[in-house]
Q: 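I'd like to ask you about the structure that follows.
Residue numbers run from 1 in the order of the sequence given.
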Amino acid sequence: DRRRTMPTPAEEAAEATAAAADLLAALADPGVPEHLVAKVRAAAPDPESPCGAVFFEAPLAAVKSLATVMERAKALPAESRYKAFAPKCRLVAGSDVENAIGCGLPAAQVAMVTSLCATPLADAEQYAVVVSVALACGTNVVRGASYAAGGDGVQASVSSTVADPAAPSVWAMKLKHDPENPNPSEPWLYCLSRGRSRAEKMPGFNYAGPLRPAPIMTPRNKLHLREVPAEIPRPDYAETADPVSETESKLQQINYQYDAAQLKTLRECCSVARGALDATVRAVRPGVTTEALDLICHKYIVAHGGYPSPLNYYNFPKSCCTSVNEVICHGIPDARVLEEGDILNVDVTAFYKGFHGDLNETVPVGKCDEKSLKLMMTAYKCLQKGIEQVKPGGRYRDIGEEVTKVAHARDASVVKSYCGHGIGTLFHCAPNIPHYAKNKAVGTMKEGHVFTIEPMINAGDYKDVTWPDGWTAVTKDGSRSAQYEHTMAVTAEGVELLTARTATSPNVFPWSDP
């Protein structure tokens, strides 16, 4: 059974922490300054950089193997030992830290890598190395060490601070194959007909904003989707694209009340979804593609025993939704490279132990303009105001009334075409929760009700249109849109956020405290 033989993500992270330390210890070698540091510096984009650290990134198995080889090869000439290793490394300076380890990491972890990147390169008596170990779950473990040469040889000081979880570097996230250099087994095609067909050319459309669709990676397997291990439990639509159990369920008409045992499992499910969103958001930086982000999300959920709920839901072709700038929701991960100043919403849902957990966040890509930051803050405030209405006896229609007050007071509008929804054993079910004022939502909240609140807030007009792919909803006037979402349960005291942020969630909100 693969689930019993494969290490858990936590076990793999512990292995990675030890493997990185072993490799760093093996690099306490008098031959490193001349045959590794000098070679890496010479190959750097800026070989005259005064400071930096050698950066090496590889999967766990490769790091463990390399540490063993390095230790056993110390009898060989230094030039031979580092001839093959040096080309796999790169020089990272202080300005490269976020590109190397991800965004929003705790200050102590960022400071650890930053201090190593400040090591003077002109001094042959000292050097620094940072090792980033890639895990099967899509996250990385990062450790570093500083070295000082003396009469007794080279002394290594391996940092006790470990960046875990960190993100893959932007260099590792660069696609090996893209539309200009495709892999025959994974062609890049434009999505059409809600995922049911593909095209080689971009479809014509009256695009209101500057964004355009890009081709998506299309595996040549039976379903043309990312693979999910056979032992992973999956929803009924995973093979057929038709969620029959959802469309035929009586839960489309009634608001189900989950009991304590069911809520316990829902918390576990939502924890997987939260971890997947955090892992994906941590990797959001200029220069990466949403296709690469989708892969991280997919790996994380699958490694934790879950199924990415969007995958093949009514033929949706990817494992999460990535909505850039004027995209309101349901953006399809593709080959477009994120640019400085973009805003990106990542929407993640995990199916785990028979339940779905759903959440999303909008984050800046690098530094954004003030108007975009205000829009994100407005969307966040709208979600918080909606959550404040949740309590036993509360009316579902009141959520939209309060959300709209906040949006209008901050010169924004509320999308009317998409709503919050019930969730649990089904991806989408009752209740229906509009976010706009004067809505017709029926029903009152009761303890055990589980649903999402996810107001979509536009900087301009509220109206939306859909791209020819049949999924991507964009603002009709081309203005930007932002959104935040939680899955929550009504409790006797009020509300429990099942997808609440955790201590390791990346600090990427421009208004949040560390």
Side-chain angles (χ1 to χ4, degrees), residues 194-196 223 225 228 232-273 301 305-321 329-330 347-360 390 392 394-397 399-400 417-435 439-454 470-471 473 485-491 495-499:
R194 287 181 66 82
R196 292 189 296 272
L223 297 175
L225 303 171
V228 176
I232 298 288
R234 58 202 70 205
D236 62 344
Y237 57 80
E239 300 289 335
T240 66
D242 185 9
V244 175
S245 61
E246 182 174 294
T247 56
E248 296 181 353
S249 174
K250 64 181 181 180
L251 298 185
Q252 299 299 339
Q253 286 77 43
I254 64 170
N255 298 340
Y256 185 78
Q257 290 178 267
Y258 289 91
D259 61 29
Q262 291 170 318
L263 287 172
K264 181 177 183 295
T265 307
L266 255 171
R267 289 187 192 97
E268 295 177 36
C269 172
C270 288
S271 177
V272 173
I301 293 174
Y307 179 92
S309 300
L311 190 64
N312 213 28
Y313 181 74
Y314 289 111
N315 296 110
F316 189 82
K318 295 293 176 178
S319 296
C320 67
C321 299
C329 60
H330 303 158
D347 195 335
V348 171
T349 311
F351 179 74
Y352 180 76
K353 293 187 176 180
F355 291 86
H356 298 268
D358 189 5
L359 74 164
N360 74 58
V390 180
R395 300 191 307 173
Y396 284 109
R397 68 177 58 181
I399 293 172
S417 299
Y418 301 94
C419 302
H421 54 89
I423 191 169
T425 54
L426 302 176
F427 195 172
H428 297 91
C429 57
N432 188 52
I433 303 170
H435 304 111
N439 66 76
K440 307 294 186 186
V442 297
T444 57
M445 302 169 202
K446 296 181 180 178
E447 186 176 351
H449 283 184
V450 176
F451 51 88
T452 71
I453 299 178
E454 46 185 303
W471 281 106
E485 174 188 20
H486 276 303
T487 293
M488 62 202 73
V490 181
T491 67
V495 61
E496 177 186 355
L497 298 182
L498 302 176
T499 50

Q: Please tell me if the side chains of Thr452 and Ile433 come closer than 4.5 Å, counting only heavy atoms from C-beta onward.
A: no
Q: Looking at every non-hydrogen atom in both residues, tell me the closest pair between His356 and Leu266 and how far apart they are.
A: O-CD2, 3.6 Å
Q: Thr247: which residues meet the side-chain hydrogen bond (donor to acceptor under 3.5 Å, both in side chains) condition with it, sequence neighbours left out?
A: none
Q: Distance check, rounded to the nearest 0.5 Å: Asn315 atom CG versus Trp471 atom CH2?
A: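 Spacing of CG (Asn315) from CH2 (Trp471) equals 8.0 Å.
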Q: Roughly how far, to the nearest 0.5 Å, is SG of Cys329 from CG of Asp347?
A: 8.0 Å
Q: Is the backbone N or O of Pro243 less than 3.5 Å from a side-chain atom of Tyr314, with the two atoms forming a donor-acceptor pair by type?
A: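 No: the side chain of Tyr314 does not pair with the backbone of Pro243.
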Q: Might you point out which heavy atoms bring Gly305 and Tyr352 nearest each other, and give the distance in Å?
A: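 Nearest pair, atom of Gly305 first, then Tyr352: O-CD1, 3.7 Å.
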Q: Go through the structure and list residues passing ring-ring contact (aromatic ring centres under 6.0 Å, His included) with His435, not counting sequence neighbours.
A: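 In terms of ring-ring contact (aromatic ring centres under 6.0 Å, His included), with neighbours along the sequence ignored, His435 is linked to no residue.
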Q: Do Leu311 and Phe351 come within less than 4.5 Å of each other through their side chains, counting heavy atoms only?
A: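 Side-chain contact under 4.5 Å: no.
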Q: Report the distance from atom OG of Ser309 to atom CZ of Phe427, rounding to the nearest 0.5 Å.
A: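 Reported value, rounded in 0.5 Å steps: 5.0 Å.
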Q: Does some side-chain heavy atom of His486 sit less than 4.5 Å from a side-chain heavy atom of Val495?
A: no
Q: Under the rule for side-chain hydrogen bond (donor to acceptor under 3.5 Å, both in side chains), what residues qualify as partners of Arg194, not counting sequence neighbours?
A: none
Q: Can you name the ring-ring contact (aromatic ring centres under 6.0 Å, His included) partners of His421, sequence neighbours left out?
A: His428
Q: Between Gly357 and Thr487, which heavy-atom pair has the shortest distance, and what is it?
A: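 The answer is C-OG1, 4.1 Å.
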Q: What are the two closest non-hydrogen atoms of Asn255 and Ala430, and how far apart are they?
A: OD1-CB, 3.3 Å
Q: Compare every heavy atom of Ala489 with every heavy atom of Leu263, then report the nearest pair and how far apart it is.
A: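 So the minimum-distance heavy-atom pair works out to CD2-CB, 3.9 Å.
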Q: Within this structure, what is the NZ-CG distance for the pair Lys264 and Asp259, rounded to the nearest 0.5 Å?
A: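 Between Lys264 NZ and Asp259 CG, I get 12.5 Å after rounding to 0.5 Å.
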Q: For Arg267, give me all partners under salt bridge (charged side-chain N to carboxylate O under 4.0 Å, His left out), at least two apart in sequence or on another chain.
A: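 For Arg267 the salt bridge (charged side-chain N to carboxylate O under 4.0 Å, His left out) partners, ignoring immediate neighbours, are Glu496.
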Q: Supply the atom-to-atom distance Tyr237 OH to Phe316 CZ, rounded to the nearest 0.5 angstrom.
A: 11.5 Å
Q: Could you tell me which non-hydrogen atom of Ala350 sits nearest to which non-hydrogen atom of Cys269, and how far apart they are?
A: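 Of all heavy-atom pairs spanning Ala350 and Cys269, the closest is O-SG, 3.2 Å.
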Q: Apply the test side-chain contact (heavy atoms from CB on, under 4.5 Å) to residues Asp358 and Thr499: give CA-CA distance (whole Å), side-chain angles for both, the deciding distance (0.1 Å), then the verdict.
A: CA-CA 8 Å; Asp358 189 5; Thr499 50; over 6 Å; no
Q: Applying ring-ring contact (aromatic ring centres under 6.0 Å, His included), name anything that partners Tyr256, two or more places apart in sequence or on another chain.
A: Tyr258
Q: Run the side-chain contact (heavy atoms from CB on, under 4.5 Å) test against Gln252 and tell me which residues pass, sequence neighbours left out.
A: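 Expected list: Glu246, Leu426, Cys429.
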Q: Going by salt bridge (charged side-chain N to carboxylate O under 4.0 Å, His left out), name the residues that satisfy it together with Arg196, two or more places apart in sequence or in a different chain.
A: none
Q: Tell me, which pairs form a salt bridge (Lys or Arg N to Asp or Glu O under 4.0 Å) where one or both residues lie in residues 439-449, sequence neighbours left out?
A: none
Q: Tell me, please, which residues at least two apart from Asp236 pass side-chain hydrogen bond (donor to acceptor under 3.5 Å, both in side chains).
A: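 Here the qualifying residues are Ser245.
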Q: Kindly write out the residues that satisfy side-chain contact (heavy atoms from CB on, under 4.5 Å) with Ala441, not counting sequence neighbours, or none if the list is empty.
A: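 If we apply the side-chain contact (heavy atoms from CB on, under 4.5 Å) test to Ala441, skipping adjacent residues, the hits are Tyr396, Arg397, Pro434, Asn439.
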Q: Please identify each residue that fulfils ring-ring contact (aromatic ring centres under 6.0 Å, His included) with Phe355, with sequence neighbours left out.
A: none
Q: Let me confirm one number: the OG1-CG distance from Thr240 to Asn312, rounded to the nearest 0.5 Å.
A: 7.0 Å
